[in-house]
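Below: one structure, written as structure tokens.
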Number of protein chains: 2
Amino acid sequence: MASGWHLARRPKGMPVPDDFALRPLPGRPLTDGEVRVANRWLSVDPYMRARMSEAKNYIAGFQIDEVMEGGAVGEVVESRNPDLPVGTAVLHMAGWRDEAVLSPADRPTRLPDVGLPLDHWLHDMGLTGGTAWIGLTRIAEAKAGEILFVSAAAGAVGSAVVQIGKAMGLTVIGSAGGADKCAWVRELGADATIDYKAGPVGEALRTAAPDGIDIYFDNVGGDHLDAALLSARLNARFAICGLIEGYNRGGGTTLNGLFRIIQQRIRIEGFLYTDHVRALPEFHGQMLAWIKEGRMKSRTTVKVGLESMPDAFLGLFSGHNVGKMLVRL
Amino acid sequence: MASGWHLARRPKGMPVPDDFALRPLPGRPLTDGEVRVANRWLSVDPYMRARMSEAKNYIAGFQIDEVMEGGAVGEVVESRNPDLPVGTAVLHMAGWRDEAVLSPADRPTRLPDVGLPLDHWLHDMGLTGGTAWIGLTRIAEAKAGEILFVSAAAGAVGSAVVQIGKAMGLTVIGSAGGADKCAWVRELGADATIDYKAGPVGEALRTAAPDGIDIYFDNVGGDHLDAALLSARLNARFAICGLIEGYNRGGGTTLNGLFRIIQQRIRIEGFLYTDHVRALPEFHGQMLAWIKEGRMKSRTTVKVGLESMPDAFLGLFSGHNVGKMLVRL
């Protein structure tokens with residue numbers, strides 16, 4: 001019998017295991033156009049925390065006592081859709097469960113056989129790699145020879161930004177918390193790293209980039225954003241992907257470098273992966289080439305079994321994992 | 001004998017009359033290519049305050065005991081440049097003096113006879129009107145039907161933004177300090193005004209624009225910028241022209257609405273008039289048409305005589321004048 005994780009209650013502050021409940025899913029025969037998919041890999045991502053809240057956000061919230069959703073890759077095991085025969089690999093959003101029934105309205109994406117293990121569609125070929133690529137190419141319009149600063153560079157998106165940045169011919173400075181994470185960011189190819197736990201980010205960035213930065217890929221906000229403003233060169237572009245610092249702490253962010261927006265003619269732009277789906281074919285082609293050239297060291301932390309989903313999700317907020325967190329079924 | 005205002009000393013905080021000194025200028029015969037210009041109109045602008053400081057800025061500072069500079073319109077009275085015969089009207093940067101000797105390196109701009117009094121080239125056809133037009137068309141990419149919020153709407157740039165915004169078919173909300181200035185902003189055509197001295201800007205903006213804003217033209221920063229973030233609609237664009245609030249007060253700016261940058265995919269961009277000179281012919285053609293259609297009510301505060309320059313300049317910071325401040329010689 002299929003089962004899935006339901007939202008048991010809305011978390012207050014940091015989520016806890018009792019906010020989630022694993023319950024059986026009612027079985028039913030397929031109707032025309034539907035497929036039954038056995039999920040193989042499930043994604044957990046920080047944005048899901050926002051969907052657990054009642055507050056209005058850029059994506060609809062989860063409902064109490066309903067199955068949660070998220071990125072998943074699976075295989076069609078029963079089909080009443082001739083475009084998706086049994087055996088087809090699909091990417092879809094009915095995660096947090098072991099088996100999903102999908103109609104055409106759920107827009108399952110057929111995955112081409114490009115010689116990659118399926119889990120790649122949930123990291124370097126998926127949301128995290130795609131977010132990094134869109135931010136660099138579409139929002140920041142990065143050009144070879146420019147200087148890039150990226151925060152949370154050991155994270156799932158940040159580590160993709162570091163590697164895509166190097167593949168595009170940029171000088172890359174990555175910030176991460178602690179010596180181990182910084183060592184890994186250097187392994188990914190970063191030219192310099194900043195351990196933000198070791199001292200003020202602004203000073204460290206001035207040292208790492210004495211001539212300033214052209215691009216800032218922001219996963220953090222707060223002091224990192226202010227440091228980037230103060231180190232921005234003329235016509236710098238900031239791709240704002242996450243402002244985690246503010247989400248956790250609450251309250252306002254104090255910026256000392258706002259005056260630089262005019263002085264340096266900085267362009268700051270927020271973006272979401274989902275607004276750029278038309279660019280994904282180009283992304284997939286480019287990323288696949290980079291993977292085959294050995295340029296992408298994607299690191300994943302894998303937990304096994306549906307029951308480990310809340311544990312994997314909560315691990316995103318402990319700051320201990322490195323790279324993309326996945327659950328294999 | 002010609003004379004000009006020299007920087008006597010660098011101001012501490014708000015400039016005072018003793019920071020300026022009116023001194024005779026040494027006379028000399030022209031060399032090939034030069035023209036002697038009798039200035040008719042001189043401009044005073046807030047950006048000149050920054051040039052009086054030692055601090056590095058986006059434009060070179062004035063030097064102690066040298067003549068100050070600024071926008072000016074004059075008439076060629078002696079010429080060794082066949083392109084600029086006696087009688088030609090020119091726009092140039094050798095202001096703060098009654099007579100200027102200009103070489104081709106000073107790039108005097110010959111003013112076409114378009115049937116306008118010369119002073120227009122220092123306001124609606126000049127820096128302030130051009131800054132408004134560039135911000136709306138080139139930075140914010142405003143489209144008819146959108147909702148525009150502009151701060152310091154009674155100021156020289158802001159009043160041009162209000163009128164250009166209306167000419168472009170936008171709904172315009174302008175903020176200004178006090179009932180008199182707000183009344184004038186409504187006279188200019190604004191659909192709604194916010195008196196920022198009467199209460200919090202954020203609340204007033206939510207009332208004036210319950211569905212949010214598409215464009216924010218920022219002359220102020222601080223609370224106005226935060227209010228604009230919190231009221232921004234999807235894909236809002238902010239043209240950052242001035243952040244006066246921070247210049248005067250010093251210290252950082254606390255923003256509560258930063259998270260909206262991602263949620264609403266806001267684009268924020270700083271700009272300077274001088275980066276967009278290639279767009280000026282299009283601006284001049286468009287603005288001239290609007291002036292002839294009677295769409296632009298340019299209001300100027302005019303002081304007379306070279307000796308009134310420091311007084312006119314200091315008046316910019318008193319908050320009492322409305323529209324563009326000019327000195328007529």
Side-chain angles (χ1 to χ4, degrees), chain A residues 46-47 50 55-59 131 134-135 138-140 202 218-226 229-230 232 234-276, chain B residues 46-47 50 55-59 131 134-135 138-140 202 218-226 229-230 232 234-276:
Chain A
Y47 78 85
K56 197 182 159 193
N57 216 291
Y58 48 76
I59 182 165
T131 298
I134 289 162
R138 292 304 192 270
I139 307 300
D218 193 4
N219 293 304
V220 169
D223 287 351
H224 278 80
L225 176 57
D226 209 21
L229 286 168
L230 290 165
L234 201 62
N235 297 313
R237 287 88 64 206
F238 289 14
I240 309 293
C241 175
L243 297 163
I244 289 287
E245 192 269 346
Y247 304 155
N248 293 342
R249 189 173 44 72
T253 298
T254 298
L255 298 174
N256 295 299
L258 270 186
F259 71 97
R260 303 269 297 181
I261 292 179
I262 299 176
Q263 194 184 76
Q264 304 296 89
R265 287 74 134 183
I266 302 169
R267 189 181 73 203
I268 300 172
E269 189 167 351
F271 72 102
L272 286 182
Y273 174 85
T274 44
D275 293 334
H276 297 268
Chain B
Y47 79 86
K56 198 182 158 193
N57 215 292
Y58 48 76
I59 182 166
T131 298
I134 289 162
R138 292 304 193 269
I139 307 299
D218 193 4
N219 292 306
V220 169
D223 287 352
H224 278 80
L225 176 56
D226 208 22
L229 285 167
L230 290 165
L234 201 62
N235 298 312
R237 287 90 63 205
F238 289 15
I240 310 293
C241 175
L243 297 163
I244 289 287
E245 191 270 346
Y247 304 154
N248 293 341
R249 188 173 45 73
T253 299
T254 298
L255 299 174
N256 295 300
L258 271 185
F259 71 97
R260 303 268 299 180
I261 292 178
I262 299 175
Q263 193 185 76
Q264 303 296 87
R265 288 75 134 181
I266 301 169
R267 188 181 75 203
I268 300 172
E269 189 167 351
F271 73 102
L272 286 182
Y273 174 84
T274 45
D275 294 334
H276 297 268

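Bear in mind the structure is a predicted one, so any value in this text is a computation, not a measurement.
Here the side chain of A:R260 pairs a donor or acceptor atom with the backbone of A:L230 at under 3.5 angstrom.
Side-chain contact between B:H224 and B:N219: absent, with no pair of heavy atoms (C-beta onward) separated by less than 4.5 Å. A heavy-atom distance below 4.5 Å is found between the side chains of B:L229 and B:F238.
Annotation: side chain to side chain donor-acceptor pair (under 3.5 Å) contacts of B:D275 (sequence neighbours excluded): A:R265.
Neither the backbone nor the side chain of B:L234 comes within less than 4.5 Å of any heavy atom of chain A. At a 4.5 Å heavy-atom cutoff, the contact between A:L258 and chain B is made by backbone and side-chain atoms alike. Residue contact with chain B, scored on non-hydrogen atoms closer than 4.5 Å, is absent for A:I139.
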